[in-house]
Enquirer: 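Could you have a look at this structure, given as structure tokens, before my questions?
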There are 2 protein chains.
Amino acid sequence: MEPEVIRDKEAMRRWSRAMRSQGMTIGLVPTMGYLHEGHLSLVRQSLTLADVTVVSIYVNPGQFSPTEDLSTYPSDFSGDLVKLAAISGGKVFVFNPSNLYDYGGGERKKVNTGGGRVVSCVEEGGGLGHETWIRVERLEKGLCGKSRPVFFRGVATIVTKLFNIVEPDVAVFGKKDYQQWRIIQRMVRDLDFGIEIVGSDIAREKDGLAMSSRNVRLSDEERQRALSISRSLAMAKASVAKGQTSCVELKDIIIQQLVGSDGRVDYVEIVDQETLEGVEQIKSGVVVCVAAWFGTVRLIDNIEINITL
Amino acid sequence: MEPEVIRDKEAMRRWSRAMRSQGMTIGLVPTMGYLHEGHLSLVRQSLTLADVTVVSIYVNPGQFSPTEDLSTYPSDFSGDLVKLAAISGGKVFVFNPSNLYDYGGGERKKVNTGGGRVVSCVEEGGGLGHETWIRVERLEKGLCGKSRPVFFRGVATIVTKLFNIVEPDVAVFGKKDYQQWRIIQRMVRDLDFGIEIVGSDIAREKDGLAMSSRNVRLSDEERQRALSISRSLAMAKASVAKGQTSCVELKDIIIQQLVGSDGRVDYVEIVDQETLEGVEQIKSGVVVCVAAWFGTVRLIDNIEINITL
């Protein structure tokens with residue numbers, strides 16, 4: 001049974017409040033659509049945590065810079081509904097709004113809001129347009145924040161909007177986007193949202209490749225080479241298990257694997273799981289994060305390493 | 001009957017959800033305590049809009065810079081309860097938390113988070129401390145934002161925290177703090193909070209002085225001179241009614257009055273009521289905003305001028 005689709009944000013909130021008034025708990029899985037098995041694993045997890053689950057499908061212009069690929073972002077809405085139908089059991093609902101930054105009324109004149117600051121596709125509106133942004137000031141800086149300065153500001157803001165529209169009890173995020181998950185978790189703590197944030201383990205293909213909408217863009221040969229990412233992360237974890245604690249040495253193992261497979265490294269970092277600050281010697285739980293290009297495709301992956309001393 | 005005081009944020013949210021599940025609507029009046037008649041008029045208005053009203057009393061360190069007067073901010077909690085008792089009718093509840101930026105656990109090391117950016121009293125914690133901030137990027141810039149760069153960031157953030165803890169249906173803000181009211185209104189629109197924001201007219205003393213906690217710091221003589229603020233605003237409004245539309249001329253009237261009363265002008269601005277952008281010729285609704293010092297006391301006041309052409 002295909003899930004019911006709700007497009008209006010007021011209707012979404014009414015639905016959600018009606019559910020809650022009946023004593024139902026609500027899960028939320030925010031997505032940008034073009035669903036794959038990784039997304040579906042988040043939905044399945046949400047179904048175990050709440051009575052009903054809302055899957056939002058919305059490509060958020062607020063997290064794209066004007067030079068990024070907003071207009072070519074892939075979509076397959078009818079295919080998404082078919083995939084969700086297979087697991088919904090009548091408990092999955094889709095929120096698919098048109099433009100969450102259009103508040104109606106008021107002129108919208110084009111203004112320059114740059115001035116050296118980060119600007120996303122949303123600010124091109126200007127005038128009475130959207131101008132409120134949430135920043136998780138330390139966590140947003142490192143890792144993917146370096147190459148994508150508007151990204152996490154846009155993610156934090158759209159997730160807040162979705163939280164306020166759907167008013168869920170629990171929301172599930174993939175640990176594949178580790179920094180995003182930690183940023184949302186911190187934001188929820190700092191802004192006192194009454195919402196539980198759950199991080200869901202990375203879904204992988206049988207050969208180890210972390211699932212991603214971008215994987216379809218890899219050629220067969222690039223895909224083979226890209227397996228060096230998950231392989232090198234596993235090697236680093238095994239090395240820690242054997243006693244290696246030097247992050248320089250561990251990063252070296254990974255970089256050798258990636259470069260040996262003709263990957264172009266964006267970053268390899270070993271950071272504290274909560275603060276995402278770089279670590280030199282492993283003394284407590286860390287996460288090893290990788291971003292690397294294979295051909296024209298940038299892939300990210302990571303592995304948590306928990307040690308007890 | 002003195003209002004019930006709730007201090008724990010989880011207890012506050014439980015109370016609020018219990019109220020809502022009984023079909024009650026909830027009003028919120030955020031304050032920093034030391035209540036005067038202006039605050040009480042907000043509470044009275046909230047009581048007409050919702051079944052029960054929560055008055056939060058919390059001096060927010062997030063809106064003070066380290067050089068401002070956080071430690072000497074006046075308080076009179078028992079006096080506040082007595083004042084609220086006189087109007088509560090059993091429908092007013094007080095939320096009085098201790099520290100809304102202490103999330104427990106985790107080391108808090110002192111770090112320099114400055115780097116040329118705005119820093120409030122909260123960031124002095126650092127480490128695993130609070131790091132999420134909301135900015136209403138255009139509206140926060142002008143008027144009081146110029147002299148107080150951390151102020152509105154702190155206000156938007158604490159109001160969001162209070163919204164998420166109290167989960168009200170309606171929140172009442174004084175138009176005395178006109179820029180603050182518009183910022184909150186814009187933030188609620190941009191972040192899709194399901195909360196109605198009501199602006200309440202300025203409460204004035206019999207002689208016209210806008211009510212403020214700071215008025216008690218004025219000497220009798222300063223207070224007499226400070227009446228030039230409300231008097232000059234009324235003169236400007238009367239001048240518009242007679243056909244004056246030049247903002248240069250109107251501001252001149254006000255400045256002459258203030259300076260003639262030995263006031264030190266921080267700013268006199270005539271701005272669009274929604275965008276708060278400066279206006280040169282009055283063609284639609286504007287608000288005239290004044291900030292001026294009398295002795296060591298900085299006072300603000302404003303008057304809306306609505307014209308139909």
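Note on naming: letters A, B, ... go to the chains in the order of the sequence lines (proteins, then strands), and numbering restarts at 1 for each one.
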Enquirer: Less than 4.5 Å apart, any side-chain heavy atom of A:R135 and any of B:W133?
Expert: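 In short, these two side chains do not touch, never coming nearer than 4.5 Å.
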Enquirer: Chain A: which of B:I165, B:T275, B:I183 shares the most heavy-atom pairs with it under 4.5 Å?
Expert: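 Among the listed options, the one with the most contacts to chain A is B:I165.
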Enquirer: Could you grab the distance from atom CG of B:L139 to atom CD of A:E131, nearest 0.5 Å is fine?
Expert: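 B:L139 CG to A:E131 CD: 4.0 Å, rounded to 0.5 Å.
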Enquirer: Kindly determine whether B:R17 and A:R20 satisfy side-chain contact (heavy atoms from CB on, under 4.5 Å), including the steps that lead there.
Expert: CA-CA 10 Å; B:R17 291 191 174 185; A:R20 181 172 282 178; 3.7 Å; yes
Enquirer: Counting only heavy atoms from other residues, nucleotides and ligands, does the tally under 6.0 Å from CD of A:E280 exceed 12?
Expert: no
Enquirer: Please round to the nearest 0.5 Å and tell me the distance separating atom CZ of A:R186 and atom CG of B:L128.
Expert: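 These two atoms lie 5.5 Å from each other.
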Enquirer: Can you tell which part of A:R189 gets under 4.5 Å to a heavy atom of chain B, answering side chain, backbone, both or neither?
Expert: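 Both backbone and side chain.
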Enquirer: Looking at B:K9, B:E167, B:E274, which one has more heavy-atom pairs under 4.5 Å with chain A than the rest?
Expert: B:K9
Enquirer: Quick one: which residues of residues 190-197 of chain A reach chain B at under 4.5 angstrom, heavy atoms only?
Expert: A:D190, A:L191, A:D192, A:F193, A:G194
Enquirer: Anything in residues 154-162 of chain B with a heavy-atom distance to chain A below 4.5 Å? Please list those residues in order.
Expert: B:T157, B:T160, B:K161
